[in-house]
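Worth saying up front: this structure is predicted, and the values here are computed from it rather than measured. Atoms within a ligand are numbered from 1 in the order they appear, just like the ligands themselves. Quick note: numbers below take in every heavy atom, side chains included, and nothing from hydrogens, waters or symmetry partners.
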Amino acid sequence: MNRETLAIRLQSQKSSYGEHSVPLYLTSSFVFDDAEDMRAQFAEEKEGQIYSRYANPNVEELLQKMATLEGTEAGWATATGMAAVFTTFAALLQQNDHIVASRSVFGSTHKVLTELLPKWGITTTYVDVNDYEGYEQAIGATTKMVYVETPSNPGLDIIDLERLSAICRQKKVLLVVDNCFATPVIQRPVESGADIVIHSATKYLDGQGRTMGGIILASKSIIDQIKAFARHSGPALSPFNAWILSKSLETLFIRVERHAQSALEIARRLEQHPAVASVRYPFLESHPGYAIARKQMSLGGGIVSFEINGGIEAGKKFLDALQLFSLSANLGDTRSIATHPASTTHSKLTPEQRLESGITDGLIRLSIGLEHVEDIWEDVLKGLS
Ligand SMILES: *Cc1c(COP(=O)(O)O)cnc(C)c1O
């Protein structure tokens, strides 16, 4: 069956009521048939739910769908995207291990790599996103994984996953890909050779700005290691959020396709506008990673970034003139959202430090929503004038 259909039709076993839409299993624990059943489940000789920190039917359903969509054997769900990132590191790495990461990663991931993991002697070497020799050279005897984001947040850098995974395989290190911006609708990193896929489910997977969640997808043997760590350290996703997220996946394909269709249209129009210095969108021919994006992505995604003429002041004026767009830190929502990193998330950095993470003073990030594309464009024009 096609993935679009499976995202809608995969469902946990019906209860005795024969409900059409899956019920919410708000229960912290589960009962056993008898002492022997209880013993066997605790000994992991028999599959069962036991306790919702370990497993829950709503969480299992979400994971089954996501593993199917990404093409992996198994998965593990966490309370936030960052819990998925941290759990992956904490479960799979030992003291004094080394990570190689692409320079352009999500802000909190950067904090984990540079400020939290060093507490356990785990260090990171950053490599410029497209410096494949650099990745190869940075991998040393203690390196256990290469960690990348493509497209990256907020710079929309594109990394060639086939090329990087060939290096990782040769060097026998794991390739971990944060696939949050693309979703499995657009890009399936495991098919390009990645070992682990991470999602902030808070973004497109929910898609309506309601709930937080994170998902780790990989082979059964890797997920078993993650489970062994996470069952006891407790980053589990709540059944309620899993129920919302699983329902959201029923509309994932149709939403992501529309986000991408409108984003491409807005990106093309922005490129023609005199107040705009440059536009970044993976499916614009002017994007430096255009050829790779066309190879590994089926659509360009829903995020467009552009450089407005006039620096920080022009960026703030743009935001203030918007009427439809929300000024908010989220993305991947049905509602269009605009952010100006230089005056907000990255304002504490010096202009030089900002440039190092690819943030210019006039950079605006648009998360294109599901409103009518002409209404979205009209609002962008208000900002630009
Ligand atoms: C938002 C985001 C995260 C973190 O997810 P949370 O759900 O906010 O914890 C990780 N990676 C990327 C690319 C993101 O955009």
Q | Residue pairs passing the side-chain hydrogen bond (donor to acceptor under 3.5 Å, both in side chains) test where at least one lies in residues 24-36, sequence neighbours excluded | A | Glu36-Arg39
Q | Between CD on residue Glu191 and CG on residue Leu161, distance to nearest 0.5 Å | A | 11.5 Å
Q | Fellow cluster residues of Phe229, listed by chain then number, with links counted only when side-chain atoms sit under 4.5 Å apart | A | none
Q) Can we say Arg231 and Glu44 salt-bridge, meaning some charged N sits less than 4.0 Å from an Asp/Glu carboxylate O? A) yes
Q.
Test ring-ring contact (aromatic ring centres under 6.0 Å, His included) on His259 and Tyr204; report intermediate values, then the result.
A. CA-CA 10 Å; His259 281 296; Tyr204 288 101; 5.2 Å; yes
Q: Could you pull out all residues at least two apart from Asp224 that satisfy side-chain hydrogen bond (donor to acceptor under 3.5 Å, both in side chains)?
A: Lys220
Q) Any idea which residues sit under 4.0 Å from ligand 1, heavy-atom distances? A) Thr80, Gly81, Met82, Phe106, Glu149, Asn153, Asp178, Cys180, Phe181, Ser200, Thr202, Lys203, Met212, Gly213
